[in-house]
Structures are given as C-alpha cells and as structure tokens.
Amino acid sequence: MTILIKIKRLIIRGKYAFTMKSLDEMDADGLIEEDVLESILNAQFVRTKKSSSRFRRSAQEKVYIIESFTFSGILLYTKGVIRKDGSEEKVYFLISSKKSIPS
C-alpha cells in the first residue's frame, strides 16, 4: 500500500487530528476542516521528508507533504505525520494546513 493510500484511508476512517498550529493557519486563511480533508482525498502525489522537529517521536519520523485542490478549486498545502496513539491504530496528525502559494 502506498503512503498516500494509507493517509487517505486514515482520513476516511476519521483517524486524524489537527494541531493548534494547523487550526490557526486554517483560521487565518478562512478554511474549515472539510476543505483540508477534501484536498487530501483529492491528492495524487505526496512528498516525504525526514522530520527535523524537536517534537518528533523518533529520529526516523517522516513528514508527509501534500499539495492538492479542494472540490471548489482552492489549492492547499498540508504537512502531517503518522503516529500510533496509545493502543489506537495509527493517526494522521496534520501539523500544517494552509492555502498554497504558487511558486
């Protein structure tokens, strides 16, 4: 299973959470949770990089970066990590969710 399929399946099953940072970014851009979820479910590609955050759980933790459109055509940029949450299955934590700035 590819990582993008795994992320999408976690989203569909409701196994996701937003960090305060991502909620603040969404609020600043006038976005709602559904916008972010639509963007991830519409995604065709995901980039992966090694996390450099001081909050990472392990030295090998990966950050997944997705840029994709909502159903209404807004391009969003999201970053997230997959973590085990206690005895729960893995959860996708969105650490950044905002409008993408085209380069």
Side-chain angles (χ1 to χ4, degrees):
M1 171 181 357
T2 69
I3 194 61
L4 185 55
I5 291 171
K6 183 182 243 182
I7 291 168
K8 288 180 180 187
R9 287 185 174 163
L10 289 169
I11 297 295
I12 289 169
R13 291 192 350 246
K15 301 287 186 178
Y16 62 88
F18 290 90
T19 62
M20 287 305 298
K21 176 186 176 195
S22 68
L23 292 171
D24 289 344
E25 290 173 344
M26 289 165 48
D27 189 47
D29 283 344
L31 301 169
I32 58 174
E33 287 186 20
E34 286 81 8
D35 293 327
V36 175
L37 301 178
E38 286 175 10
S39 174
I40 293 170
L41 293 175
N42 281 336
Q44 298 297 313
F45 304 100
V46 62
R47 293 188 321 243
T48 304
K49 71 176 202 166
K50 201 165 149 184
S51 176
S52 59
S53 169
R54 66 176 194 250
F55 300 112
R56 70 181 179 262
R57 297 246 174 115
S58 75
Q60 302 303 313
E61 187 169 63
K62 294 178 181 160
V63 174
Y64 303 104
I65 302 163
I66 298 171
E67 280 188 281
S68 185
F69 292 93
T70 65
F71 295 151
S72 57
I74 302 167
L75 182 60
L76 299 188
Y77 171 91
T78 61
K79 285 194 311 190
V81 296
I82 296 176
R83 291 185 177 160
K84 194 131 176 121
D85 188 22
S87 62
E88 282 284 317
E89 285 189 61
K90 292 183 177 182
V91 176
Y92 187 62
F93 283 94
L94 289 125
I95 54 179
S96 181
S97 308
K98 57 189 174 183
K99 286 184 181 175
S100 183
I101 299 170
S103 44

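Only heavy atoms go into these numbers, but all of them, side chains included; no hydrogens, no water, no symmetry mates.
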Legend entry - Side-chain (Lys8) to main-chain (Leu41) donor-acceptor, under 3.5 angstrom: yes
Legend entry - From Arg47 atom CZ to Lys79 atom NZ, the distance as rounded to the nearest 0.5 Å: 10.0 Å
Inset, instruction - Taking all non-hydrogen atoms of both residues into account, name the closest pair between Tyr92 and Tyr64 and its distance. - result: OH-O, 3.6 Å
Legend entry - Approximate separation, where rounding is to 0.5 Å, of Ser68 OG and Leu75 CG: 7.5 Å
Under 3.5 Å, which donor-acceptor pairs do the side chains of residues 26-38 form with other protein atoms, sequence neighbours left out?
| residue | atom | partner | partner atom | Å |
| --- | --- | --- | --- | --- |
| Asp29 | OD2 | Lys99 | N | 2.7 |
| Asp35 | OD2 | Ile32 | N | 3.0 |
| Glu38 | OE1 | Phe71 | N | 3.0 |

Legend entry - Flag side-chain contact, heavy atom, 4.5 Å: Thr78 against Ile65: no
Inset, instruction - Take Lys6 and Ile82 through the side-chain contact (heavy atoms from CB on, under 4.5 Å) test and state the conclusion after the steps. - result: CA-CA 9 Å; Lys6 183 182 243 182; Ile82 296 176; 4.0 Å; yes
Inset, instruction - Output every pair passing ring pair (Phe, Tyr, Trp, His ring centres under 6.0 Å) with a member in residues 8-47, not counting sequence neighbours, ordered by first then second residue. - result: Tyr16-Phe18
Inset, instruction - Would you check if Arg9 and Lys15 make a side-chain contact, meaning some heavy-atom pair closer than 4.5 Å? - result: no
Inset, instruction - Find the distance between CD1 (Ile66) and CG (Leu4) and round it off to the nearest 0.5 Å. - result: 5.5 Å
Legend entry - Main-chain N/O of Ile95 paired with Ser22 side-chain donor or acceptor, under 3.5 Å: no
Legend entry - Donor-acceptor contact present, side-chain Asn42 to main-chain Phe69, <3.5 Å: yes
Inset, instruction - Using atom types as modelled and distance alone, determine if a side-chain donor or acceptor of Ser39 lies under 3.5 Å from a backbone N or O of Thr70. - result: no
